[in-house]
There are 2 protein chains.
Amino acid sequence: MHENKYLAIYHDLVSRIRRGEWKAYDKLPSENELAVRYRTSRETIRKALNLLSEHGYIQKMKGKGSIVLDVGKYDFPVSGLVSFKELAQTMKQPVRTIVHELGVIKPDAELRQQLRAASKDEVWKVVRVREIGGERIILDKDFFLKKHVPLLTKEICEDSIYEYLETKRHLPISFAKKEMSVDEATEEDRRYLDLNGDDRVVVVKNYVYLNDATLFQYTESRHRLDKFRFVDFARRK
Amino acid sequence: MHENKYLAIYHDLVSRIRRGEWKAYDKLPSENELAVRYRTSRETIRKALNLLSEHGYIQKMKGKGSIVLDVGKYDFPVSGLVSFKELAQTMKQPVRTIVHELGVIKPDAELRQQLRAASKDEVWKVVRVREIGGERIILDKDFFLKKHVPLLTKEICEDSIYEYLETKRHLPISFAKKEMSVDEATEEDRRYLDLNGDDRVVVVKNYVYLNDATLFQYTESRHRLDKFRFVDFARRK
DNA sequence: GAGTGGTCTAGACCACAAG
DNA sequence: TTGTGGTCTAGACCACTCG
């Protein structure tokens with residue numbers, strides 16, 4: 001596995017910033033200077049710096065230079081498609097995933113409509129509970145078209161389905177839509193989660209599209225109200 | 001006013017796609033072909049195509065080419081910085097904004113910290129309630145550094161502060177961070193909103209930064225649980 | 001005027017897809 | 001094998017900031 005030069009430079013700069021080589025509001029070396037240091041061309045440095053900028057590590061200012069931001073700590077990917085495993089890594093609490101259901105089903109009418117599936121299409125259904133600090137906080141229900149994902153095991157589900165799909169199967173995931181609202185808790189929520197008497201949950205619906213613009217995955221994530229937290233970092237065009 | 005070459009090409013391609021010169025799933029001419037047509041270099045064409053891709057107009061595929069996506073469906077602005085006025089326009093219900101407070105204050109310690117303000121800085125405080133279908137649903141509290149916004153009137157606040165700042169004052173807004181959680185309702189929430197006995201609200205905290213990386217606006221938006229809704233659209237890198 | 005980031009060029013080599 | 005998009009280079013000119 002060989003990493004692109006501009007990605008290698010990006011990752012090197014990220015780790016240097018995180019290690020505190022430059023503090024917030026410090027100026028980065030100029031693009032010409034960096035090109036010399038990394039023995040590369042300025043355009044390649046610029047690709048790395050643009051990545052840093054898109055991920056909130058630096059702010060570029062024409063005629064002045066690039067300064068390091070103190071928002072670099074929000075290192076989760078710019079909004080959308082955030083997986084539980086990524087979130088878990090940023091938390092101190094011990095986390096655990098319990099797989100309650102894993103199998104292939106025939107989609108009913110509503111699900112068919114949401115996945116734009118034919119009636120003969122088969123669909124993976126996965127129900128998982130996310131435990132944080134010993135409490136059952138999140139109920140995740142995932143639905144995939146089986147033609148896109150032939151194999152899915154309990155082990156994969158306990159780790160990160162999203163990571164598996166991205167790195168192992170190289171599915172051409174293109175974009176995602178997220179919808180959030182607060183809904184009445186269902187019987188299922190009460191069974192699987194420690195709701196402490198709450199009668200509502202935060203519902204996050206996630207639609208993942210492949211790059212031919214067909215819907216491939218539908219996920220419903222149901223969170224206990226008091227533990228729900230969502231952060232979004234948006235850069236202006 | 002002179003437009004960059006790659007921006008001009010981007011806008012030309014957008015209008016051609018919108019006029020139907022290529023339909024959904026058609027292949028765009030190759031980068032080399034486009035470079036010839038526009039009498040420019042391939043790297044400049046690539047900057048234009050990357051913009052098209054980021055804005056959801058095309059999907060690039062290595063070794064194959066770029067296909068045009070179904071434009072009509074995914075044309076809403078990429079997540080973040082969505083104003084109430086925009087949201088309101090997509091709703092059927094009649095909406096109204098009531099300004100409860102509008103003035104300049106001396107920030108207390110907590111607010112100073114959040115705005116990174118000096119103790120002598122003055123701060124605009126605006127408290128507004130958003131009424132939808134006759135019910136008071138959202139409580140908005142905005143804080144701006146006065147040095148950035150000399151004038152703010154009741155009329156501006158009843159329309160859209162965000163639009164005013166963007167179009168009239170041309171502030172160099174760079175990026176925004178959004179945090180969402182569910183909090184206990186305060187006495188203020190109960191006074192200003194029709195909570196129907198609810199003891200919690202969805203709290204959206206919005207931090208808006210200028211492009212010198214200084215925080216310029218802090219907004220706290222407090223929503224009734226049952227009316228809260230948030231949509232986010234994220235394109236993969 | 002010196003230094004910065006933003007744009008643009010003309011070429012090169014690569015990995016990938018498809019006939 | 002041919003054509004595609006992805007990366008990389010070494011140079012150029014520009015607009016901007018600041019002393």
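Chain letters run A, B, ... following the sequence lines, proteins first and then strands; every chain starts at 1. This one's a predicted model, so the numbers in the text were calculated from it and none came from an experiment.
A distance-only check finds no donor-acceptor pair linking the side chain of B:Asp12 to the backbone of B:Ala8 [under 3.5 Å].
Relative to the side chain of A:Asn4, the nucleotides D:dG5, D:dC8, C:dT7 differ in distance, and D:dC8 lies closest. With D:dG5, D:dC8, D:dT7 as the candidates, the nucleotide lying closest to the side chain of A:Lys5 is D:dC8. Nearest nucleotide to the A:Lys62 side chain, out of C:dA12, C:dA18, D:dA15: D:dA15.
Here the rule is side chain to side chain contact (heavy atoms under 4.5 Å, CB included) with B:Leu49, and of B:Thr44, B:Leu34, B:Ile9 only B:Leu34 fits it.
Using a cutoff of 4.0 Å between basic side-chain nitrogens and carboxylate oxygens, B:Asp140 and B:Arg130 are scored as salt-bridged.
Distances shorter than 4.0 Å separate some side-chain N or O of B:Lys64 from OP1 or OP2 on C:dA18.
Sorted by residue number, the members of residues 27-41 of chain A with any non-hydrogen atom under 4.0 Å from DNA chain D read A:Thr40, A:Ser41.
Nucleotide D:dT4 holds its P atom 16 Å from the CD1 atom of B:Ile67, rounded to whole Å. Per the geometry, OH belonging to B:Tyr6 stands 13 Å off P belonging to C:dT9, to the nearest Å. Distance, B:Asn50 CG to D:dG6 P: 7 Å, rounded to whole Å. Remark: P of C:dA10 and CD of B:Glu43 are 12 Å apart, rounded to the nearest angstrom. Distance A:Arg46 CZ to D:dG11 P: 18 Å, rounded to the nearest Å. If you take CD1 of A:Ile58 and C1' of C:dG5, they are 11 Å apart, rounded to a whole angstrom. If you measure from atom NZ of B:Lys47 to atom P of D:dG5, you get 18 Å, rounded to the nearest angstrom. Rounded to an integer number of Å, the gap from CG of A:Leu49 to C1' of C:dG6 is 13 Å.
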Does B:Glu43 form a salt bridge (charged side-chain N to carboxylate O under 4.0 Å, His left out) with B:Lys47? I'd like the steps, not just the answer. CA-CA 6 Å; B:Glu43 284 289 0; B:Lys47 282 182 86 165; over 6 Å; no
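Between A:Phe143 and A:Tyr218, the angle of the ring planes stays under 30°, which puts this pair in the parallel group of the 30/60° scheme.
Inter-residue side-chain proximity for B:Lys60 and B:Ile67 is flagged as unmet; no heavy-atom pair is nearer than 4.5 Å. In this structure, B:Asp142 and B:Gln217 have side chains that are in contact, with non-hydrogen atoms separated by less than 4.5 Å.
Where B:Gly65 and A:Thr44 meet DNA chain D, the nucleotide closest to each residue was compared, and B:Gly65 sits on the side nearer the 5' end.
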